[in-house]
Amino acid sequence: MTESSTIAVAPANQPQFLGHPVGLYVCFLTEMWERFSFYGMKYLLLLYLTKYHLFSDAGGLDVLGSYAGLVYAMPVIGGMLADRYLGMRKAVTFGAILLCLGHLGLAYEGFQAYTENGVVVQDTQAIQVFYFSLALIIMGVGFLKPNISTIVGQLYGKEDARRDSGFTIFYMGINLGSFIATLSVTYLGETYGWGYGFGLAGIGMVIGLVVFLTGQKYLYGYAEPSNPALLKEKVFAGINKEWFIYLATLPALAIMWQLVQYNPVVHTTLLGMSFIVLVGIIWFITSQCTKEERDRMIVLIVLTMSTVVFWALFEQSASSMTLYADRVLDRNVFGYEATAGQFGSLNAFFIITLAPLFAWLWIALAKRKLEPSTPVKFALGIIQAGLGFGALVYGATHPNEAGYVAAWWLILAYALHTMGELCLSPVGLSAVTKLAVPKVVGVMMGAWFLATAYSELLATQLAKLAAIDTNAGEVANVTQALGAYTELFSFLFYVGVGFGVFMLLISPWLKKRMHGVH
């Protein structure tokens with residue numbers, strides 16, 4: 001059965017809203033609520049582990065690293081299953097159900113950990129529920145995240161001039177969800193109870209699922225499987241391929257449940273996978289590529305590796321920067337006492353406010369033939385990530401009478417990090433599609449996401465350099481804690497600026513080997 005015979009064609013007079021297909025807003029709201037649940041939980045996770053279950057900093061960071069690494073690796077598999085078998089609608093629906101269960105499972109707190117005779121007593125049953133809930137979220141994101149974006153692309157014809165603006169609206173949905181969630185979920189969790197925060201994140205995901213299911217008629221079959229007959233084929237014991245995929249999630253969940261508890265295993269696995277992929281790519285470019293193809297692939301490898309440095313710095317936001325905000329920051333802003341997790345909303349805020357400015361800037365520079373090349377944009381992004389930590393280092397030299405640092409220095413750090421992201425992130429996936437040899441675009445896209453997953457793990461390992469002994473989640477000496485964070489941020493400042501300058505120096509060499517690809 002051919003694809004054209006199974007996928008409906010959207011009518012020319014399909015309903016529009018603000019000049020775009022209504023289906024765009026179905027995807028917009030679905031992703032907004034999914035990101036609401038994802039980011040709300042992300043900025044609450046480490047605080048919850050260290051302040052409620054009394055994990056050590058290192059122990060909490062290990063869990064965060066395992067979770068973040070796996071959650072960014074799984075979409076590669078989820079995207080493949082949707083492309084080949086399930087179709088995007090079924091994959092998104094199944095992923096959303098898993099996410100709802102996972103987020104609502106996090107709302108179960110168990111009893112507050114306490115110290116008895118110098119030994120921390122924890123609710124091990126509640127912690128296992130917590131780990132299993134993380135496994136559900138990891139699998140859910142794997143099915144939903146790569147496929148909701150693909151549906152947006154399907155709503156527009158290849159020559160439709162509205163495609164880019166449609167993706168911009170969708171991108172704003174992601175950041176709007178992140179902004180609202182990080183303000184509300186973290187406030188509720190830190191102020192009224194962790195379960196309330198996680199519960200609100202779960203409710204957000206349920207709303208997203210309801211929106212997606214009720215808006216199906218506006219997708220006009222674009223998200224359906226390309227070959228429905230294939231899904232109905234029996235595998236064994238009367239189980240068809242579709243249900244086999246769903247049931248295969250159960251053993252995968254069991255594996256994720258264990259992996260999220262053992263950071264060294266996740267770290268070694270991702271590192272091993274990265275090494276195998278790199279060796280395979282090197283073999284391909286040395287034996288299967290022309291000189292021009294080889295040069296472009298080498299540039300892509302360098303750019304991909306540079307993103308590991310950027311994201312390892314940038315992703316300090318949910319780890320060391322959140323603990324910094326909780327422990328050594330004067331969180332009073334214009335008379336409002338913010339919670340530590342709420343500062344995570346600054347990234348989304350600055351994206352929403354600065355993205356239009358950057359879009360205008362690149363266009364204005366291009367008209368004057370002054371737009372930086374992709375390698376230069378990457379270099380500028382990494383340098384700004386480093387400068388963000390420079391702001392925190394400088395701010396640490398001006399604490400108030402109680403030894404706390406003014407919140408404005410952390411706000412400045414987030415602004416610099418976000419400007420770095422706007423230089424690097426939007427051109428990243430585009431660079432993969434333009435520079436990769438067509439027959440290995442999928443492999444290189446997988447390598448790109450694998451690099452992102454590994455950088456998440458690396459970020460938490462770096463954050464452990466400032467691990468501090470606490471008493472029931474609170475620091476005993478603010479000055480000593482500030483010194484530990486400043487030492488870490490000084491190191492990250494030099495890494496970011498130093499590596500960014502290196503990328504800037506080799507950018508002419510890289511640009512030459514792109515052979516005209518912009």
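Since we're looking at a predicted model, the values are computed, not measured.
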Checklist entry - Does any non-hydrogen side-chain atom of Lys464 lie less than 4.5 Å from one of Asp62? => result yes

Next on the checklist: Contact between Leu106 and Ile137 at the side-chain level, heavy atoms closer than 4.5 Å - yes or no?
Outcome noted: yes

Item to check | Step-by-step side chain to side chain contact (heavy atoms under 4.5 Å, CB included) determination, Asp326 to Lys51 | outcome: CA-CA 10 Å; Asp326 181 58; Lys51 301 183 80 168; 3.0 Å; yes

Checklist entry - When rounded to the nearest 0.5 angstrom, what is the spacing between CG in Leu98 and CG in Leu144? => result 10.0 Å

Item to check | Side-chain donor or acceptor of Gln342 paired with backbone N/O of Leu183 under 3.5 Å | outcome: yes

Checklist entry - For the atom pair OG (Ser373) and CZ (Phe378), what is the distance rounded to the nearest 0.5 Å? => result 10.5 Å

Checklist entry - What residues form a side chain to side chain donor-acceptor pair (under 3.5 Å) with Arg327, not counting sequence neighbours? => result Asp57, Tyr485

Next on the checklist: Between Phe349 and Tyr414, is the ring centroid distance below 6.0 Å?
Outcome noted: no

Next on the checklist: Run the side chain to side chain contact (heavy atoms under 4.5 Å, CB included) test on Phe132 and Met256 for me, step by step, so that the C-alpha distance in whole Å, both residues' side-chain angles and the decisive distance to 0.1 Å come before the verdict.
Outcome noted: CA-CA 8 Å; Phe132 186 71; Met256 292 300 144; over 6 Å; no

Checklist entry - Stepwise, does the side chain to side chain contact (heavy atoms under 4.5 Å, CB included) test hold for Gln316 with His417? => result CA-CA 10 Å; Gln316 294 299 314; His417 284 186; 5.7 Å; no

Checklist entry - How close do Phe350 and Ile411 get, heavy atom to heavy atom, and via which atoms? => result CE1-O, 3.7 Å

Checklist outcome for this item: dist Thr182:OG1 -> Asn347:CG (nearest 0.5 Å) comes out at 8.5 Å

Item to check | Exceeds 12 heavy-atom contacts within 6.0 angstrom, atom CZ of Phe491 | outcome: no

Next on the checklist: If you define the side chain from C-beta out and look only at heavy atoms, does anything of Leu209 sit under 4.5 Å from Trp33?
Outcome noted: no

Item to check | Verdict with reasoning, Tyr67 to Glu456, per side chain to side chain contact (heavy atoms under 4.5 Å, CB included) | outcome: CA-CA 9 Å; Tyr67 161 74; Glu456 293 286 335; over 6 Å; no

Next on the checklist: Has Glu315 got a side-chain atom pairing as donor or acceptor with Ser455's backbone, closer than 3.5 angstrom?
Outcome noted: no

Next on the checklist: Side chains of Asn263 and Gln461, heavy atoms from C-beta outward: is any pair under 4.5 Å?
Outcome noted: yes

Next on the checklist: A side-chain contact here means heavy atoms from C-beta on lying under 4.5 Å apart; do Thr93 and Phe143 qualify?
Outcome noted: no

Next on the checklist: Among Leu504, Leu505, Ile506, which residue satisfies the side-chain contact (heavy atoms from CB on, under 4.5 Å) criterion with Phe502?
Outcome noted: Ile506

Checklist outcome for this item: Taking every heavy atom of His103 against every heavy atom of Gly202, the minimum-distance pair comes out as CB-CA, 3.4 Å

Checklist entry - With a 6.0 Å cut-off on ring centres, are Phe389 and Phe489 close enough? => result yes

Checklist entry - Just checking, any donor-acceptor pair under 3.5 angstrom between side chains of Tyr43 and Ser317? => result yes

Item to check | Main-chain N/O of Thr470 paired to Glu474 side chain as donor or acceptor, under 3.5 Å | outcome: no

Checklist entry - Side chains of Leu46 and Thr322: closer than 4.5 Å at any heavy-atom pair? => result no

Next on the checklist: For the CG atom of Leu101 and the CG atom of Leu136, what is their distance to the nearest 0.5 Å?
Outcome noted: 6.0 Å

Checklist entry - Looking at Ala466 and Leu488, what are the two nearest heavy atoms and their distance? => result CB-CD2, 3.8 Å

Checklist entry - Are any side-chain N or O atoms of Ser178 and backbone N or O atoms of Ile174, one a donor and one an acceptor, separated by less than 3.5 Å? => result no

Item to check | Whether Phe130 and Tyr48 hold their rings parallel, tilted or perpendicular, with breakpoints at 30° and 60° | outcome: tilted

Checklist entry - Any side-chain heavy atom of Tyr192 sitting closer than 4.5 Å to one from Tyr187? => result yes

Next on the checklist: Main chain of Leu188, side chain of Thr191: is a donor-acceptor contact present, judged purely on distance under 3.5 Å?
Outcome noted: no

Checklist entry - Minimum heavy-atom separation for Leu303 to Ala431, with atom names? => result CD1-CB, 4.5 Å

Checklist entry - With side chains defined as the heavy atoms from C-beta onward, is the minimum distance between Val302 and Met503 less than 4.5 Å? => result yes

Checklist entry - Going by atom types alone, do Glu190 and Thr186 pair a side-chain donor with an acceptor below 3.5 Å? => result no

Checklist outcome for this item: Interatomic distance, CG@Asp330 vs CG@Leu410, rounded to 0.5 Å, equals 11.5 Å

Item to check | Parallel, tilted or perpendicular: rings of Trp409 and Tyr394 (30°, 60°) | outcome: perpendicular

Next on the checklist: If you count heavy atoms of other groups shown closer than 6.0 angstrom to CG of Asp469, is the number above 12?
Outcome noted: no

Item to check | Closest contact, heavy atoms only, Ala385 versus Leu313 | outcome: CB-CD1, 4.0 Å

Next on the checklist: Just to verify, what does Lys511 make a side chain to side chain donor-acceptor pair (under 3.5 Å) with, not counting sequence neighbours?
Outcome noted: none

Next on the checklist: Any side-chain to backbone donor/acceptor pair from Thr397 onto Val393? Under 3.5 Å, distance only.
Outcome noted: no

Item to check | Ser66 side-chain N/O to Val63 backbone N/O, donor-acceptor pair under 3.5 Å | outcome: no

Next on the checklist: Checking the side chain of Ser425 only, and the main-chain atoms of Leu422 only, is there a donor and an acceptor separated by less than 3.5 Å?
Outcome noted: no

Item to check | Shortest non-hydrogen contact between Val299 and Leu510, atoms and distance | outcome: CG2-O, 3.4 Å

Checklist entry - If you look only at pairs with a residue in residues 407-424, which of them pass as a salt bridge (charged side-chain N to carboxylate O under 4.0 Å, His left out), with sequence neighbours excluded? => result none

Checklist entry - Nearest 0.5 Å, what's the CD1-NE2 distance between Ile127 and His53? => result 5.0 Å

Item to check | Flag, side chain of Gln384 to backbone of Leu380, donor-acceptor distance under 3.5 Å | outcome: yes

